[in-house]
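We number each residue from 1, following the sequence as shown.
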Amino acid sequence: MQYAQAIFTNAAIYVIAALGLAIFTGHTGLFSLGHAAFMAVGGYAAAILTYFLGWSLIPALAVGVVAAVLVSLVIGYPTLRAKLRSDYFAIATLGFGEAVKVLLENLQLTQASRGLPGIEKLAGPLNTAVFLIITVVLCRNFLNSTYGRKIIAIGQDPVAAEMIGIKLLPNQVLSLAISAAFSGLSGGLLAHYITFIQPAIFSMDLSSLLTAGVVAGGMGSLTGPIVAIALFIVIPELFRGLALWRLVLYGVVLVIIINFRPKGLFGYEELNFDNLPKLFTIIGLTIGLTIAASLAKMFSATLGRVPAILIAALVALALTVALGYLGKLLAKWLRSPFGSFGQMLGSGYNHIVQTLQDKAVCFRNRDLPKLRELMNMVVEPSRMVSAQNSRKEPVLSIKSLSKRFGGVVAVDEFDLDVYEGELVGLIGPNGSGKTTVFNLISGYYPVSGGTITYRGEDLTKKAPTAIVLGGISRTFQNIRLFSSMTVLQNVTTALHDASNYSLLEAFVQWPWTVRATEERLKETAMELLKLVELEEYADRVANTLPYGLQRKLEIARALALRPRLLMLDEPAAGMNPQESQELVELIRRIHVAKDLTILLIEHHMDVVMNLCQRIAVINFGKKIAEGAPEQIQNDPLVLEAYLGEKVEDVVAS
């Protein structure tokens with residue numbers, strides 16, 4: 001019994017650290033090979049306080065957590081600010097881990113490489129289990145908040161995240177700090193469980209174990225790292241009698257997981273009735289391998305090694321299949337009664353929360369800030385903006401805009417004015433520089449020359465997030481959705497600026513602010529989905545939508561930023577004629593209902609001619625024509641740019 005408790009406690013301690021790493025590596029996609037160093041900082045800080053000063057466990061652990069967070073800020077800020085790619089970032093964290101280890105081996109306070117023996121045993125199965133449950137709840141609450149969605153968005157597509165106003169550096173640093181906090185807690189518990197701490201414990205092997213747990217368990221999941229770390233801790237212990245063979249089996253398990261489940265055991269999934277059979281299969285495999293090891297050892301002397309191994313393998317396979325089937329039966333049995341029971345509990349909880357919110361308003365007279373205004377669903381007739389109404393001051397003014405990539409001039413002295421309420425088209429042959437103009441306006445590319453002014457403000461020195469939050473949003477030529485999020489989450493993530501609750505409230509899911517705000521964000525997102533006719537797909541994962549619907553979802557996400565200028569980059573690309581016509585009606589409806597100014601890039605000439613009030617044509621980075629659709633259709637330079645020959649030659653032939 002004590003042996004089983006020891007295995008459980010060790011596994012729980014490492015799972016806490018792995019869950020922290022899942023917040024960082026699992027969701028930002030930046031690999032860390034130095035998280036054992038954060039465990040060391042937290043462990044030593046807590047151990048020194050209890051060892052030398054006689055502190056109790058909880059305050060010592062709290063100091064260890066704070067110390068790990070502070071170290072993560074010192075190390076993480078300059079590293080993340082340098083925008084290192086994932087592999088280079090992993091090397092940087094590896095160096096950090098080794099530096100901390102060397103430092104601890106040479107400090108008198110830590111008693112160098114001898115470590116601190118005789119630490120009081122203050123951690124055990126019970127309080128470790130409590131800390132594990134708290135960690136799971138806090139991580140889950142965080143990921144289901146505005147703060148968590150921003151980090152998930154950054155991990156899935158940092159460019160798209162920036163283009164909906166999410167600042168990369170602060171959120172990446174926040175993710176690393178949270179990850180370090182849980183690692184520090186894990187280190188403190190480890191020191192007070194094994195009653196001994198030394199630098200050698202926190203080696204690269206430990207960091208690799210945590211990273212392997214997150215990757216093999218499944219990126220973007222909390223359930224996955226829990227299962228994977230449990231497997232990595234339990235399986236070597238079960239095969240301890242096989243000496244070096246247990247290490248081989250450990251490696252075999254990891255290789256099998258990576259090859260047969262490239263996304264990990266629970267990639268972008270959490271435990272539910274649907275994947276309960278998977279969990280039972282994993283448990284069956286673990287038990288089967290344990291029994292198989294004993295049988296192989298038992299029958300080797302009487303039957304020979306090969307028959308003994310075959311019998312053991314058949315037993316392991318039978319147990320794995322049997323428990324997997326048991327998981328299916330259990331999921332089927334639990335789904336219907338517990339599903340309705342869960343809905344009953346959920347509605348009761350929502351009623352209680354609503355009552356508490358009402359009372360809080362009465363007693364405290366506290367109103368939540370008003371969120372995004374809902375989209376007007378009334379479709380008005382299409383109308384043109386008259387020259388007299390629009391020729392006052394341009395909302396967007398581009399003067400002599402240039403962009404050079406080395407010796408290649410992508411945009412050359414480009415000029416364009418866009419007025420309030422206009423729907424302007426920007427067309428040109430492939431490679432003419434249209435998308436580059438969009439990238440310059442949105443701050444994705446730095447400007448080589450010229451100016452971009454929006455409502456009197458110069459955009460050329462502004463960060464992309466500042467431009468977006470200033471009232472300009474865009475879609476992309478190649479769809480950039482947060483693919484593993486649901487349709488609703490994609491739009492809700494773009495509403496992050498409308499959230500006002502604190503990080504602490506997000507962790508505890510404070511009902512008076514977090515739940516109320518999340519409900520309103522959801523309502524606003526659903527109204528936007530209704531506008532683009534995607535409300536029935538709200539719970540679908542974004543990358544499972546048909547191509548045309550993904551285009552609509554990207555528009556809904558852009559609208560969630562409540563822009564005054566909407567830039568659409570080839571929204572009809574890849575659509576059939578019917579889908580294109582539906583898109584025309586959608587854009588016209590959005591333009592009229594919200595009185596938006598829209599700048600549109602499109603290759604479908606029927607879309608451009610049906611929608612745009614004014615069209616600018618660009619070729620080889622230069623503007624060659626501008627005017628009403630009828631003028632553009634008959635412009636010789638435009639025809640020459642598209643046909644590749646002079647108009648006179650085409651007519652003559």
Side-chain angles (χ1 to χ4, degrees), residues 2 4-24 26 35-51 55-72 116 119-144 148 175-197 201-202 206-207 209-210 213-214 217 221-234 270-271 503-504 506-509:
Q2 288 184 344
Q5 286 181 349
I7 294 176
F8 165 78
T9 308
N10 272 307
I13 289 171
Y14 291 128
V15 164
I16 290 172
L19 287 173
L21 185 58
I23 295 290
F24 183 67
H35 260 60
F38 296 128
M39 290 182 66
V41 171
Y44 267 99
I48 287 169
L49 292 174
T50 58
Y51 189 81
W55 283 34
S56 59
L57 180 63
I58 300 299
L61 289 176
V63 171
V65 167
V66 172
V69 170
L70 292 176
V71 170
S72 75
L116 300 175
I119 299 171
E120 189 176 355
K121 188 166 185 172
L122 301 175
L126 183 58
N127 58 2
T128 301
V130 171
F131 279 114
L132 174 59
I133 292 170
I134 292 172
T135 300
V136 171
V137 171
L138 292 179
C139 289
R140 178 184 174 278
N141 288 349
F142 173 76
L143 292 174
N144 288 331
S175 176
L176 181 61
I178 293 170
S179 178
F182 288 117
S183 296
L185 173 62
S186 173
L189 290 170
L190 181 65
H192 291 90
Y193 177 67
I194 64 176
T195 69
F196 172 68
I197 189 171
I201 295 173
F202 306 100
L206 180 54
S207 291
L209 170 69
L210 299 178
V214 172
S221 171
L222 294 179
T223 304
I226 295 173
V227 174
I229 290 293
L231 283 175
F232 293 159
I233 298 296
V234 170
E270 301 298 350
L271 184 61
L503 180 61
L504 179 60
F507 272 117
V508 299
Q509 290 288 303

If you round to the nearest 0.5 Å, how far is [atom2] of [Y] from [atom1] of [X]?
X    : Y    : atom1 : atom2 : value
T9   : N127 : OG1   : CG    : 8.5 Å
N141 : Q509 : CG    : CD    : 4.5 Å
L19  : S221 : CG    : OG    : 9.5 Å
H192 : I197 : NE2   : CD1   : 8.5 Å
I119 : Y51  : CD1   : OH    : 7.5 Å
N10  : I229 : CG    : CD1   : 12.0 Å

Using atom types as modelled and distance alone, determine if a side-chain donor or acceptor of [X] lies under 3.5 Å from a backbone N or O of [Y].
X    : Y    : result
S207 : A36  : yes
T135 : F131 : yes
S186 : I13  : yes

Original post:
side-chain contact (heavy atoms from CB on, under 4.5 Å) between F38 and L176: does it pass, once the steps are laid out?
Top reply: CA-CA 10 Å; F38 296 128; L176 181 61; 4.2 Å; yes

For [X] against [Y], the heavy-atom pair lying closest together:
X    : Y    : value
F8   : A129 : CZ-CB, 3.9 Å
A177 : V69  : O-CG2, 3.6 Å
G188 : A46  : CA-CB, 4.2 Å
P225 : A22  : CG-CB, 3.9 Å
A180 : S72  : CB-CB, 3.5 Å
A191 : A47  : CB-CB, 4.3 Å

**OP:** Indicate the ring-plane relationship of F507 and F182, choosing parallel, tilted or perpendicular according to the 30° and 60° boundaries.
**Re:** perpendicular

**OP:** For the pair I226 and L132, evaluate side-chain contact (heavy atoms from CB on, under 4.5 Å) and give the outcome as yes or no after the intermediate values.
**Re:** CA-CA 10 Å; I226 295 173; L132 174 59; 5.6 Å; no

Subject >> Verdict with supporting geometry, L222 and V136, side-chain contact (heavy atoms from CB on, under 4.5 Å) >> reply: CA-CA 8 Å; L222 294 179; V136 171; 5.6 Å; no

Original post:
Going by heavy atoms in the side chains, are P59 and L49 under 4.5 Å from each other?
Top reply: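 The answer is no, as the side chains (C-beta and beyond) never meet within the 4.5 Å cut-off.
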
**OP:** Could you check if a side-chain atom of Y193 sits within less than 4.5 angstrom of a side-chain atom of T128, using non-hydrogen atoms only?
**Re:**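 Contact flag for Y193/T128 side chains = no.
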
**OP:** Go through M39 and L189 one step at a time and tell me if the side-chain contact (heavy atoms from CB on, under 4.5 Å) criterion holds.
**Re:** CA-CA 10 Å; M39 290 182 66; L189 290 170; over 6 Å; no

